[in-house]
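Input: a single structure, listed below in structure tokens.
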Amino acid sequence: MTTMRERWKTEIVHSLHAMARDKGLSEVDLSADMLAFETPPRPDLGDLAVPLFPFAKLFRAAPAAIAVEVAARLGDREIGTCEAAGPYLNIRFARSAVVQQVLEAVMHEGDGFGRTDELSAQRIMIEFSCPNTNKPLHLGHLRNDILGESLSRILAANGAEVRKVNLINDRGVHICKSMLAYQRFGNGATPESEGIKSDHFVGAYYVRFNQWVKDDPSAENQAREMLQKWEAGDTEVMALWQQMNRWAIDGISETYRRTGISFDEIYYESKTYLSGRDEVLRGLQEGVFYREDDGSVWVDLEEINLDKKVLLRGDGTSLYLTQDIGTAIARHGDWPFDRLIYVVASEQRYHFAVLFHVLQKLGMEWGKDLFHLAYGMVNLPDGKMKSREGTVVDADELIAGLERMAAEEIRAKGREEEVGDVNQTAGDVALGALHYYLLQVNPIKDMVFDPRESISFNGNTGPYLQYTGARISTMLRKLGQGSSGSGSGSDRPESGGTVDYALLREDLEWELVKQIATFSDAVRTAGRQYSPSVLTGYLYELAKTFSRYYHDHPIAVEKDAAVRSARVALSRAVVQVLRNGCELIAVPFLHVM
RNA sequence: GCGCCCGUAGCUCAGCUGGAUAGAGCGUCGGACUUCGAAUCCGCAGGUCGCAGGUUCGAAUCCUGCCGGGCGUACCA
């Protein structure tokens, strides 16, 4: 379809030039760039619209008059027809050629359909998740995780070589707090002895610390002392730390497995913070930073209109910024990248502005290739999530709740038989609901997470996509067509190998073909904007169009065998695109639900 | 105070590099299952695109100011 667009572009530029010549105007300032292609507001107006306002000055004529003349010059041709509609030139493509080309491309490319070469030869590292080892994941992490995972897949689909990295935040005062509380109140309990998921077990002691500090303010100092012991390598502290970290990380990893999040490399702050300190000290020697009387090391950020910022505490221990410096340098050494994307909440904008600048001050010219994807906060309908007030939504609990709802729905519909493993399917539906809901909003915006709405299986949701895919799959399965693009051998039993695409004459069929053809545009745009929401929107539209089509037109039960074959071919293409798209937003594709 | 971000229908969100009457979903109300999955489909109602200027043939979209909300401005992360 892009070729079709290009051909029309050439034709239009041609006739505009001809017009200019005939009017005795020299062919100045008339370039193809002035042609803006748009989609007409209603499909019945055509497939492509060209506003002619920009040419009014050139021809000293009203855009509408130009439209009439261009339309007359172009007339009807092999590649379609065009007509003037006010100041617009509306174009209709010759359908059957496009239909054939698009559907055959989907068949041929299969799981690879929609890929672009936008970012080929680019090495992109993407950091996301970055959990603390003092508590389990919550809803905010889920947005982070799915943004990172989905974006990674999208960038890869645009041809980039992507490396997903995590950074386990396993050191710092906050980690010492849960350790301290455990040491004091734990009485040797273990996750096994208590029968709770290990990261939740650790998290309980972090909560316990915060209760304790209310009664005994000295707890804060004790935590700080423990951090110093930790940095000094105190045996007892290290042993405790290793034990509790193991628990936290094991539990968090289980959540990753459940949600389909994975990484190519995992970094640990406990291993990178020292090199960060070395870099800061080097900067100090080179005069890039300065030392205060109390021994703390600072950077003056006046040149980027920011304040002064601490890089090392007076007692010599590291800070968040210090370790991020070390981590970034280690990463660039491990895997030199063209771009590094940090998926981190927008509240840390300041931190990254400082980090990127400091790295460049330290002589890392690649500091300019770092990008902070600052995503908005997730709030609840009844207010903000606050850990202190106990209004955080725990990730595991949330997912379990969604699974329960999905399972109930499957039973209520009496579909246990068809589905087979109810829990497995319910789990996939829960994930589809969660991921779709979180991705459907533009990342930079704050969003409201409504648990009730997220589990609703009506409307603009993940389960709706899954349902549409499952219906098509079932239909194809019943025909012996299989719903997988990389067919199982017994494909097309009745078509004799050829499909007469000209039989797809319905407007909705044409709509579907056009939507399929623009899939790669959606993939490209999502990659450029770092926004999976472009894809959720695209897929929802596609599913909706197909649902309407399926409702109004017989496919598998169509009497005319030739028409049936053509419609089946179209359905196979739609389901292939749904599959490919769902893969990019980590919504499990279901053959039955 | 200063800096950054956001402000579209009752609610949750779309709206591509400015372009034809601003779109979905939910919710309300009303329709459609002897027919390929009704977790579906169709229809009605609902918006001075926060406000005011400016640029432009044309602004929800770009610029300026203001108002409202959020976040940041920690030897927390």
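In the text below, chain A, chain B and the rest are named by the order of the sequence lines, each starting its count at 1. Computed from a prediction, not measured in an experiment: that's the story for all the values here.
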(request) Fit a plane to each ring of Tyr549(A) and Phe546(A), take the angle between them on a 0 to 90° scale, and name the class: parallel (under 30°), tilted (30 to 60°) or perpendicular (over 60°). (result) perpendicular
(request) Could you check whether the rings of His591(A) and Phe589(A) sit parallel, tilted or perpendicular, using 30° and 60° as the cut-offs? (result)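 His591(A) and Phe589(A): perpendicular rings.
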Counting only side-chain N and O atoms of [X], is one of them less than 4.0 Å from OP1 or OP2 of [N]?
X         : N      : value
Arg349(A) : G3(B)  : no
Lys57(A)  : C57(B) : yes
Lys478(A) : G37(B) : yes
Lys445(A) : C6(B)  : no
Tyr464(A) : C41(B) : yes
Arg224(A) : C76(B) : yes

Watson-Crick or G-U wobble partner for [N], using a 3.5 Å limit on both distances?
N      : answer
C62(B) : G54(B)
C4(B)  : G70(B)
C11(B) : G25(B)

(request) Spell out yes or no: do the side chain of Asn134(A) and the base of A77(B) have one donor N/O and one acceptor N/O closer than 3.5 Å? (result)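 Counting by modelled atom types and ignoring angles, no donor-acceptor contact under 3.5 Å is found here.
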Please give, in whole Å, the distance from [N] [atom2] to [X] [atom1]?
X         : N      : atom1 : atom2 : result
Asn442(A) : A24(B) : CG    : C1'   : 16 Å
His553(A) : A32(B) : NE2   : P     : 21 Å
Gln323(A) : C76(B) : CD    : P     : 12 Å
Leu380(A) : C11(B) : CG    : P     : 18 Å
Leu438(A) : U12(B) : CG    : P     : 16 Å
Tyr550(A) : C42(B) : OH    : P     : 16 Å
Glu347(A) : G3(B)  : CD    : P     : 21 Å
Tyr549(A) : C36(B) : OH    : C1'   : 12 Å

Between [N] and [M], how far is it from one [atom1] atom to the other, in whole Å?
N      : M      : atom1 : answer
G70(B) : G31(B) : P     : 44 Å
A77(B) : G15(B) : P     : 36 Å
C13(B) : C6(B)  : P     : 14 Å
G43(B) : U35(B) : C1'   : 22 Å
G27(B) : C41(B) : P     : 13 Å
G37(B) : C51(B) : P     : 49 Å
C67(B) : C76(B) : P     : 35 Å
C5(B)  : U48(B) : P     : 29 Å

(message) Checking understanding here: a glycosidic angle within 90° of 0 is syn, the rest anti, so what is C67(B)?
(response)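 Anti conformation here, the glycosidic angle of C67(B) being more than 90° from 0.
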Selected nucleotide, minimal atom distance to [X] side chain, candidates [options]:
X         : options                : answer
Asp307(A) : A20(B), U40(B), A74(B) : A74(B)
Lys544(A) : U12(B), C41(B), A14(B) : C41(B)
Tyr350(A) : G72(B), C16(B), U40(B) : G72(B)
Val441(A) : A20(B), G72(B), C13(B) : C13(B)
Met475(A) : A20(B), C16(B), C36(B) : C36(B)
Asn460(A) : U73(B), C36(B), G25(B) : G25(B)
Asp446(A) : C41(B), A14(B), G70(B) : G70(B)
Arg471(A) : G37(B), C13(B), A77(B) : G37(B)
Ser547(A) : A20(B), A77(B), U40(B) : U40(B)
Tyr437(A) : U21(B), C41(B), U12(B) : U12(B)

(request) Please name all residues satisfying side-chain contact (heavy atoms from CB on, under 4.5 Å) with Asn458(A), sequence neighbours left out, ordered by chain then number. (result) Ser456(A)
(request) Would you please indicate if the ring centroids of Trp230(A) and Tyr273(A) are separated by under 6.0 Å? (result)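 Yes - the distance between ring centres of Trp230(A) and Tyr273(A) falls below the 6.0 Å cut-off.
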(request) Assert yes or no for the condition that the ring centre distance of Tyr342(A) to Phe371(A) is strictly below 6.0 Å. (result)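 Ring centres of Phe371(A) and Tyr342(A) not closer than 6.0 Å.
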(message) Here's a test for you: under side chain to side chain donor-acceptor pair (under 3.5 Å), which of Thr545(A), Asp47(A), Thr39(A) qualifies with Lys514(A)?
(response) Asp47(A)
(request) Return yes if a side-chain donor-acceptor contact under 3.5 Å exists between Thr461(A) and Tyr540(A), otherwise no. (result) no
(request) State, without any angle test, whether Thr327(A) and Glu269(A) hold a side-chain donor-acceptor pair at a distance under 3.5 Å. (result) no
